Amino acid sequence: MRSMENLLRKGVREAIKNLYGAEIEDNLLQVQKTRKEFPGDLTLVVFPLTRITRMSPEQTAHEIGEFLIKNIGAVSAYNVIKGFLNVTIAPEEWASKLYLISEVSDYGATPPGENSETIVIEYSSPNTNKPLHLGHIRNNLLGFSLSRICEAAGNRVIRTNIVNDRGIHICKSMVAWKMFGNGATPESVSKKGDHFVGDYYVLFDKKHREQAAELEAAGATPEEARDNAPLMIAARDMLIRWEAGDEETVKLWHMMNSWVYEGFDVTYKSLGVEFDKIYYESDTYKLGKEIVLQALNEEHLIRREDGSVWIDLTADKLDHKLLLRSDGTAVYMTQDLGTAVIRYNDYHFDRHIYVVGNEQNYHFQVLSLALLRMGFRWASGLHHFSYGMVELPEGKMKSREGKVVDADDLISEMTDTARTMSQELGKLTGYSETEKENIYRQIGLAALKYFILKVDPKKNMTFNPLESIDFNGNTGPFIQYTYTRIRSVLKKAEETGIEWRHGKENTITPNQKEINVIKLLNDFPAMVTEAASELSPALIANYCYELAREFNQFYHDYSILGEADNGSRNFRIRLSDLTGRVIETGLWLLGIEAPERM
RNA sequence: GGUUCCGUAGCUCAGUUGGAUAGAGCAACAGCCUUCUAAGCUGUGGGUCGAGCGUUCGAGUCGCUCCGGAAUCACCA
């Protein structure tokens, strides 16, 4: 549509010049799509022009309309309603538009060029003490989709993950395993490694609360009880030994982390997300400390009497923020400083996008400012992609209390639902069980992914585990279904030996349903660009839905292969083919697979 | 209390730099399969866009003030 809009803009510009002898500013030239209730394709908002024309909006619109009809070939009709000039583009123009864009290879994607940016995207960032849950799913899907969208918009993208593999929370599951595990392993109890370790994290919390309750009953304050419970002492003790490099502790840490990684790999694989480079906090926190100490020497920071190191951000309306503890150990911020510097040295990125929940808005404000203050100018390219939380009807998810929607469980439930539905419909005859299972998986995941990605990332979303995610209507499977219909038509066309690609009839006058689809197809490249600049997978998701819906109407009202006129039939096949390709690309940008049949 | 974000149909969500009579899906009801896949298509009902004031020819969209919800403001990550 953009190219058509530009055509109209140019025409209006000429009209104003010829009729009123005036040049017009861009912001007064408002061209938009015509709303469905009104006849026409594009609408010029005339109100802003009346200042120049010195006539009523209606009169202005009529004069410009007349001029367009006479001078712009593509414009076939116009009408005026109030201050709106609705312009109809000749159906033949849409037809030739389709021929044009259907010949473009990788339609919608821009290859990297001179002006391409290098963008590092960090997402996922799990803790290695518990399995992934629905919140992580949102993070992973957003991050992965963003990476593909940025790539399609012509950027070089590096997908990274920072694994939070050290700290007191990791030690908690280690302590619990050591004390209550009796040497069990994921293999010995046949449990996925991340779930296995996560169970000990939950167990730690349970036992710790029991101990704290005992201490409280014996007269301790709640804080004392929490801090002095034997398990908590053991965890802190283990952290100190870990930082000191104690051999036995480090060995245990390696072993338990490797269990978790094996589990994560399975989940990442079934979610279909990937990374180019994985960073570990245990590798980056030391550099963070060095950077802070160096900046301290250069007088960017403040050292208090107790030895702790701070940055003063009151000038930026923030607070004083701790960068190193009084005992010299690192905090969360310290390691993020280190990670950012390592990444810049690795990739010299133009932009660095952190896909992290909105609970950490403050943290990332501080991170950028702190780096800038320390003289790292590239830190202006840091961007916190802040997304909303996924909540349960009863509130926030809590791993420690086991109140979570587990990622693996949810994925397999989605597959189960897809299997049940598909078997009821019974359309997969001729496929092997393996092929069928793969399709169930694709459909189930599509439902889940679309459900999450269609929502504006900024907004918190509620997930009710009791209400299943839909497979009909505005859903991922609906879009996939449209794709399979198209594939089915194209396959049949091929089997029948129709050579539709050679047809380039210029005599086609498309009907309204066809035009509606072409308009949307024509929008696709602009949608990808916009989704990249807005960082919004939701734009792509909603676009795909709209396209699928529009195509289904066309599909319902007209026969494609049954069309008697060969030119018209070939045109419809071409339309279907491009729609299929755009849907496939659109879904790909969302990380959703497009099955041939379902 | 400070800062940031959110509030649109019973539910889940769209709504482009301000533009026309605020749109989808789910749920409810009524239709459409001897024709390319009915996970589809068509129709009906459902709204003081949290409230008010302001800016404007024009406000769901911008500004201000309230109301409601969330996050954050740790020598936790």
Side-chain angles (χ1 to χ4, degrees), chain A residues 26-27 30 32-38 43 45-48 50 57 81-84 86 125 127 129 164 166-170 281 304 306-310 317-319 321-327 329 331-333 335-336 357-363 365 386 388-389 391 395-396 418 421-422 424-425 427 443 447 451 454-456 458-464 467 469-482 484-493 496 527 530 534 538-539 541-542 545-546 548-549 552-553 555-563 572-573 576 597-598:
Chain A
D26 273 347
N27 59 350
Q30 292 180 28
Q32 56 197 245
K33 290 180 199 175
T34 303
R35 296 180 62 119
K36 281 215 173 118
E37 314 88 85
F38 304 102
T43 296
V45 184
V46 188
F47 295 107
T50 52
I81 298 169
K82 294 186 193 170
F84 299 92
N86 299 321
S125 314
N127 291 328
N129 60 344
N164 298 300
R166 59 165 286 279
I168 190 79
H169 53 299
I170 309 296
E281 191 186 318
R304 288 191 184 165
D306 61 5
S308 59
V309 180
W310 297 74
K317 292 182 181 173
L318 298 178
D319 220 330
K321 184 77 189 174
L322 179 83
L323 299 184
L324 273 185
R325 292 194 186 101
S326 50
D327 63 3
T329 56
V331 290
Y332 181 39
M333 185 61 69
Q335 73 86 15
D336 255 2
N358 60 16
E359 55 196 351
Q360 290 182 31
N361 288 353
Y362 181 69
H363 173 83
Q365 263 183 294
S386 163
M389 300 287 98
E391 289 167 355
K396 223 181 154 182
M421 284 187 82
S422 184
E424 275 171 19
L425 293 168
K427 292 178 183 177
I443 297 170
F451 173 79
K454 76 170 177 187
V455 180
D456 181 350
K458 276 198 306 251
K459 293 183 179 175
N460 286 1
M461 56 189 291
T462 324
F463 176 79
N464 188 345
E467 292 171 17
I469 294 175
D470 275 318
F471 283 66
N472 296 323
N474 187 354
T475 67
F478 169 88
I479 299 167
Q480 288 179 315
Y481 178 70
T482 309
T484 59
R485 279 177 146 185
I486 291 171
R487 292 305 303 161
S488 180
V489 169
L490 292 172
K491 203 174 154 208
K492 198 158 274 185
T496 329
M527 282 307 302
E530 197 180 339
E534 300 283 317
L539 284 178
N542 289 307
Y545 172 65
E546 212 179 324
R549 202 160 50 99
N552 278 330
Q553 286 179 30
Y555 179 93
H556 179 266
D557 290 358
Y558 298 95
S559 177
I560 298 166
L561 299 176
E563 167 61 34
R572 286 179 186 170
I573 298 174
S576 306
R597 278 173 63 185
M598 67 186 273

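Chain letters run A, B, ... following the sequence lines, proteins first and then strands; every chain starts at 1. On a predicted model such as this, the values are computed, not experimentally measured, just so you know.
- Figure legend. B:G47 is base-paired to no nucleotide; pairs are counted as Watson-Crick or G-U wobble with both atom distances under 3.5 Å.
- One cannot find a donor-acceptor pair under 3.5 Å joining the base of B:A38 and the side-chain atoms of A:N472.
- The side chain of A:R35 contributes an N or O atom lying less than 4.0 Å from OP1 or OP2 of B:G23.
- Comparing B:G40 with B:A22, their P atoms sit 28 Å apart, to the nearest whole Å.
- Remark: P of B:G43 and NE2 of A:H556 are 11 Å apart, rounded to the nearest angstrom.
- Proximity of A:L539 to A:E530: side-chain heavy atoms (C-beta onward) are separated by under 4.5 Å at one or more points.
- An OP1 or OP2 oxygen of B:C36 is reached within less than 4.0 angstrom by no side-chain nitrogen or oxygen of A:S488.
- For the C1' atom pair drawn from B:A51 and B:A14, the interatomic distance equals 24 Å after rounding to whole Å.
- Positionally, the nearest nucleotide of RNA chain B for A:E359 lies more toward the 5' end than for the other of A:E359 and A:R325.
- When both pairing distances are held under 3.5 Å, B:G10 makes a Watson-Crick or G-U pair with B:C26.
- One C1' atom belongs to B:G52, the other to B:A38, and the distance between them is 49 Å to the nearest Å.
- With values rounded to the nearest 0.5 angstrom, A:Y481 atom OH is found 7.5 Å from A:N552 atom CG.
- Of all heavy-atom pairs between A:A538 and A:D456, the closest is CB-N, 4.3 Å.
- Within the 4.0 Å cut-off from OP1 or OP2 of B:A38, at least one side-chain nitrogen or oxygen of A:R485 is found.
- Only the P atoms considered, B:C6 is 12 Å distant from B:G15, to the nearest whole Å.
- In this structure, B:G40 forms a base pair with B:C32, meeting either the Watson-Crick or the G-U wobble geometry with both donor-acceptor distances under 3.5 Å.
- In terms of position along RNA chain B, the nucleotide closest to A:Q30 lies nearer the 5' end than the nucleotide closest to the other residue of the pair A:Q30 and A:N552.
- For the P atom pair drawn from B:C49 and B:G23, the interatomic distance equals 14 Å after rounding to whole Å.
- Figure legend. B:A70 is base-paired to B:U4; pairs are counted as Watson-Crick or G-U wobble with both atom distances under 3.5 Å.
- Rounded to whole Å, the separation between the C1' atoms of B:C26 and B:A9 comes to 12 Å.
- Taking atom P on both nucleotides, B:C73 is separated from B:U55 by 40 Å, rounded to a whole Å.
- Phosphate contact (OP1/OP2 of B:A14, side-chain N/O of A:K459, threshold under 4.0 Å): present.
- Pair assignment for B:U55: none, as no Watson-Crick or G-U wobble contacts are both less than 3.5 Å.
- When the side-chain nitrogen and oxygen atoms of A:Q553 are compared with OP1 and OP2 of B:U42, one or more of them lie within a distance under 4.0 Å.
- Comparing B:A24 with B:C76, their C1' atoms sit 43 Å apart, to the nearest whole Å.
- The side chain of A:K82 places an N or O atom within less than 4.0 Å of a non-bridging phosphate oxygen (OP1 or OP2) of B:U21.
- Syn is the glycosidic conformation of B:C33, whose angle stays within 90° of 0.
- Side chain to side chain, A:T329 and A:R325 meet the donor-acceptor criterion of an N or O pair below 3.5 Å.
- You'll find that the side chain of A:Y481 is closest to B:G40, out of B:A77, B:G40, B:C6.
- Contacts of A:M598 with the nucleic acid, taken as non-hydrogen atoms under 4.0 Å apart, include base atoms.
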